[in-house]
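Step one of this worksheet: look at the structure below.
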Amino acid sequence: MTHPTQRLRADDAGLTSAAQLLQEGALVAFPTETVYGLGADARQGEAVAAIYEAKGRPSFNPLIVHVADVSTAQKYVKWPALAARLAAAFWPGPLTLVLPLRAGHDLSPLVTAGLSTVGIRIPAHPVAKALLRKFGGPVAAPSANPSGRISPTTADHVIAGLEGRIAAVVDGGPCGVGLESTIIGFDSENTVLLRAGGLPSEQIEELVGHALTRSDESKITAPGQMLSHYAPRGAVRLNATSAQPNEHMLGFGEIEGDLTLSASGNLVEAAANLFGHLHRLDALGGPIAVAPIPMEGLGHAINDRLNRAAAPRN
Ligand code: TXA
Ligand code: MG
């Protein structure tokens, strides 16, 4: 993938092109008030997989879903009273709420890394708002930088890091906040600070009327460790070339399974299918055998996730 990255203006024509590209499953970086986000249609698994590929992320961290308004957010998540108060006070703005997904949502499981919760926010930047309204759907967006590099606060930063790896960047000038959003989760009656960020935690504490629980004191694990939460019920055997009689097989490439991640050996397609296929095989019951996945491109992240699924449990 070495098409030049288009630099789009933040005017009506530029935003129309950006929304069109998102619809086509392409990656578009756009300004938010915190940092530039690397956006993809959160319902298209291959588009979401392409985010990880473009960033060179070695693992699937859950991504934040950006929406235009509260009624769109309510389509995707359950809405406890405290979340409604936080949203009323601080949205649009640099606040992400981690909330339980509603049944029947159409988000790709890759967005949530297979979790039953999702981080969601309404950004305040006028360009982000205009793009989300024009697109009319949920946009998954991590910061628009290569993995391990500094978050971008200008379109030039985005181009410097991701030129040729994404379809376009909407140039909306420098970001005002320059720090990622504050992430809040809910652990029974506690409000948990999962990541300090652009919205000062004192402001949140003032509104909720109690001190925030830090994520290390909570049952909600810190974001980097979240992935170990989901493991299939049955044992997982990796690098299998065929299934034992009691196993269900997850295939890849020439090794055909009960379900196959990508018959053509395409790692983007495989990543898009990974969590959904694991859930479906797990629902059948019994151990799961997994074909070898090459350690190249998205194969690193896929193998990272599979190694966690196969790790011994207690
Ligand atoms: O300001 C921001 O939040 C920027 C802009 C683009 O909106 N986005 C951003 O996304 O910082 P990202 O992917 O770099 O950070 C997402 C963070 C990760 O630490 C992830 O683990 C956490 O959100 N997260 C997302 N969903 C979660 C969930 N269901 N449970 C716990 N943590 C979650
Ligand atoms: Mg980031």
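Read the numbers this way: they start at 1 and go in the same order the structure lists the ligands and their atoms.
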Under 4.0 Å from a heavy atom of [X]: which atoms of ligand 1 are those, numbered in the order shown and with their elements?
X	answer
Ile64	3 (O), 8 (N), 9 (C), 10 (O), 16 (C), 23 (O)
Ser143	9 (C), 10 (O), 14 (O)
Arg57	13 (O), 14 (O)
Ile183	17 (C), 22 (C), 23 (O)

May I ask you to check whether [X] and [Y] show a side-chain donor-acceptor distance below 3.5 Å?
X	Y	value
Thr32	Arg121	yes
Thr96	Ser181	yes
Asp41	Gln44	yes

Report yes if some N/O of [X] lies less than 3.5 Å from some N/O of ligand 1; otherwise report no.
X	value
Thr117	yes
Thr34	yes
Tyr36	no
Asn61	no
His66	yes

Is [X] reaching over with its side chain to a backbone N or O of [Y], donor-acceptor style, under 3.5 angstrom?
X	Y	answer
Trp91	Leu95	yes
Tyr36	Asp171	no
Asp304	His300	no

Test: Glu247 and Arg237 ion pair at under 4.0 Å: yes
message: Less than 4.0 angstrom from a charged side-chain N to a carboxylate O is my criterion; do Arg133 and Asp69 meet it?
response: no
query: At a non-hydrogen distance cut-off of under 4.0 Å, which region of Thr112 contacts ligand 1 (side chain, backbone, both, or neither)?
result: neither
Best match, [options]: closest heavy atom to [atom]:
atom	options	value
atom 28 (C) of ligand 1	Val35, Leu63, Val98	Val98
atom 25 (C) of ligand 1	Pro62, Pro152, Pro31	Pro62
atom 8 (N) of ligand 1	Gly37, Ala141, Gly197	Ala141

